[in-house]
Amino acid sequence: MHVLLLKEPRDEESAPDPYMKELESHGHKATLIPVLSFKFVSLNTFSDKLFQPEKHGGLIFTSPRAVEAVKMCLDMGGRREEWNKSIKDKWNSKSIYVVGKATAALVQSLGLKPLGEDTGTADVLSRLIIEREDTDIPPLFFPCGSIKREVLPTALRENGVPLETLTVYQTAEHPDLEKNLKNYFTEQGTPASIAFFSPSGEVLPGSSAKAVG
């Protein structure tokens, strides 16, 4: 069976994508086509906030890209040593919330201790945060993408949990998406199944991916 995966490749370029590996192990032929591209923004502002943990009650990460932005800030400013010596410990004295195991693993690579990796969705994570946090804490800091869902911010604000957001990456259609899709259908024909792994891949304005299903 031919399966088309519309998703972002895993971060570790040397390792096979786990979904492709699993499908192929069951005798299926899988092809991965990236749907999205990312541009990082506001990194100077982000860096300043990362190095002032005393102004926030904790951190929230709901995507690997937001964690990647942290790494870029540390490398860009040559501040990784300062981060490792003191800043990460100050953040670890607060709550570091995450959605999903992939994001949690990246957060751990920064020396941080994530909470909520098993929540799976922003909706479930918001309930965990509301249960754990008081309303009189400094604002939780939420670095996010330009087309983030409003589920988590809305839930926290409705329950009085202070929150500060900062857009640190912009999401757009992958520049080669249309070409890659045309090439795939020309060479492989119609697949038995198409899997969308990112909601953004289905809602981007003008996205070629919307017409595939």
Side-chain angles (χ1 to χ4, degrees), residues 1-43 46 60-73 75 98-110 114 117-125 142-152 167-213:
M1 183 174 74
H2 287 233
V3 181
L4 175 58
L5 308 178
L6 299 177
K7 69 183 293 285
E8 186 182 2
R10 63 178 297 155
D11 292 321
E12 298 87 347
E13 294 182 1
S14 60
D17 183 273
Y19 293 96
M20 292 189 66
K21 185 177 179 181
E22 182 69 14
L23 285 165
E24 289 169 356
S25 72
H26 287 81
H28 304 304
K29 181 177 181 181
T31 300
L32 187 154
I33 295 180
V35 175
L36 305 177
S37 64
F38 303 95
K39 177 183 178 182
F40 292 95
V41 297
S42 305
L43 292 183
F46 188 25
I60 301 174
F61 293 105
T62 59
S63 77
R65 293 286 76 77
V67 186
E68 186 177 337
V70 175
K71 293 182 179 181
M72 292 181 71
C73 288
D75 294 334
V98 302
V99 170
K101 295 185 182 298
T103 302
L106 292 172
V107 166
Q108 288 174 324
S109 74
L110 294 172
E117 65 180 78
D118 294 323
T119 53
T121 67
D123 181 39
V124 179
L125 179 64
F142 179 25
C144 54
S146 57
I147 57 173
K148 72 178 185 306
R149 296 177 63 208
E150 292 298 324
V151 172
L152 187 145
T167 297
V168 296
Y169 66 93
Q170 296 174 340
T171 307
E173 178 181 313
H174 193 284
D176 295 326
L177 175 60
E178 185 172 356
K179 180 187 72 174
N180 290 338
L181 285 172
K182 285 181 178 179
N183 289 342
Y184 176 86
F185 284 104
T186 298
E187 297 170 7
Q188 304 288 340
T190 303
S193 297
I194 301 175
F196 290 86
F197 283 77
S198 168
S200 303
E202 299 178 77
V203 301
L204 283 174
S207 172
S208 304
K210 292 189 293 183
V212 173

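Below, all heavy atoms of this structure are taken into account, side chains as well, without hydrogens, waters or symmetry copies.
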request  = Check whether any side-chain heavy atom of L43 sits under 4.5 Å from a side-chain heavy atom of C73, and report yes or no.
outcome  = yes
inquiry  = If you define the side chain from C-beta out and look only at heavy atoms, does anything of L177 sit under 4.5 Å from I33?
reply    = yes
inquiry  = So for atom NZ, which belongs to K71, do other residues, nucleotides or ligands contribute more than 12 heavy atoms lying within a distance under 6.0 Å?
reply    = yes
ask   = Is any side-chain N of the basic residue among R149 and D123 closer than 4.0 Å to the acidic one's carboxylate O?
value = no
ask   = What distance do L125 atom CG and I60 atom CD1 have between them, rounded to the nearest 0.5 Å?
value = 6.5 Å
Nearest heavy-atom neighbours spanning V99 and T62 = CG2-CG2, 3.9 Å
task = May I ask you to say whether E68 pairs ionically with R65, meaning some side-chain N is under 4.0 Å from a carboxylate O?
result = yes
inquiry  = Could you work out, with ring pair (Phe, Tyr, Trp, His ring centres under 6.0 Å) as the rule, every residue matching F61, not counting sequence neighbours?
reply    = none
Heavy-atom check, side chain of V124 versus side chain of D118, under 4.5 Å = no
query = Do any pairs count as a side chain to side chain donor-acceptor pair (under 3.5 Å) and have a residue in residues 180-196, sequence neighbours left out, and if so which ones?
reply = K29-Q188, E178-K182
task = Measure the shortest side-chain to side-chain distance between L181 and L4 over non-hydrogen atoms and say whether it is less than 4.5 angstrom.
result = yes
Closest contact, heavy atoms only, A66 versus P143 = CB-O, 3.6 Å
remark   = Closest non-hydrogen contact found for G145 with T167 is C-CG2, 4.0 Å
inquiry  = With no hydrogens and no angle check, just 3.5 Å: does a side-chain donor-acceptor pair link Y169 and S63?
reply    = yes
Atom of A192, atom of M1 and distance for their closest heavy-atom approach = CB-CG, 3.1 Å
task = May I ask you to test the L32-K7 pair for a side-chain heavy-atom distance under 4.5 Å?
result = yes
request  = Carefully, step by step, assess L23 and L5 under the rule side chain to side chain contact (heavy atoms under 4.5 Å, CB included).
outcome  = CA-CA 11 Å; L23 285 165; L5 308 178; 3.9 Å; yes
inquiry  = We want to know whether K39 and T171 form a side-chain donor-acceptor pair, criterion being a heavy-atom distance below 3.5 angstrom.
reply    = no
task = Report the residues that fulfil ring pair (Phe, Tyr, Trp, His ring centres under 6.0 Å) with F40, sequence neighbours left out, ordered by chain and then residue number.
result = none
key: Sidechain-backbone polar pair: H174 side chain, D176 backbone, donor-acceptor under 3.5 Å   = yes
Pair V67-L110, side chain to side chain contact (heavy atoms under 4.5 Å, CB included): steps then yes or no = CA-CA 9 Å; V67 186; L110 294 172; 3.6 Å; yes
inquiry  = For a quick test of reading the model, state the closest non-hydrogen atom pair linking V151 to A122 and the distance between them.
reply    = CG1-C, 4.5 Å
query = Side chains of E173 and L36: closer than 4.5 Å at any heavy-atom pair?
reply = no
Nearest non-hydrogen partners of Q170 and S146, listed with the distance = CA-OG, 3.3 Å
inquiry  = Any heavy-atom pair between the side chains of V41 and F46 that's under 4.5 Å?
reply    = no
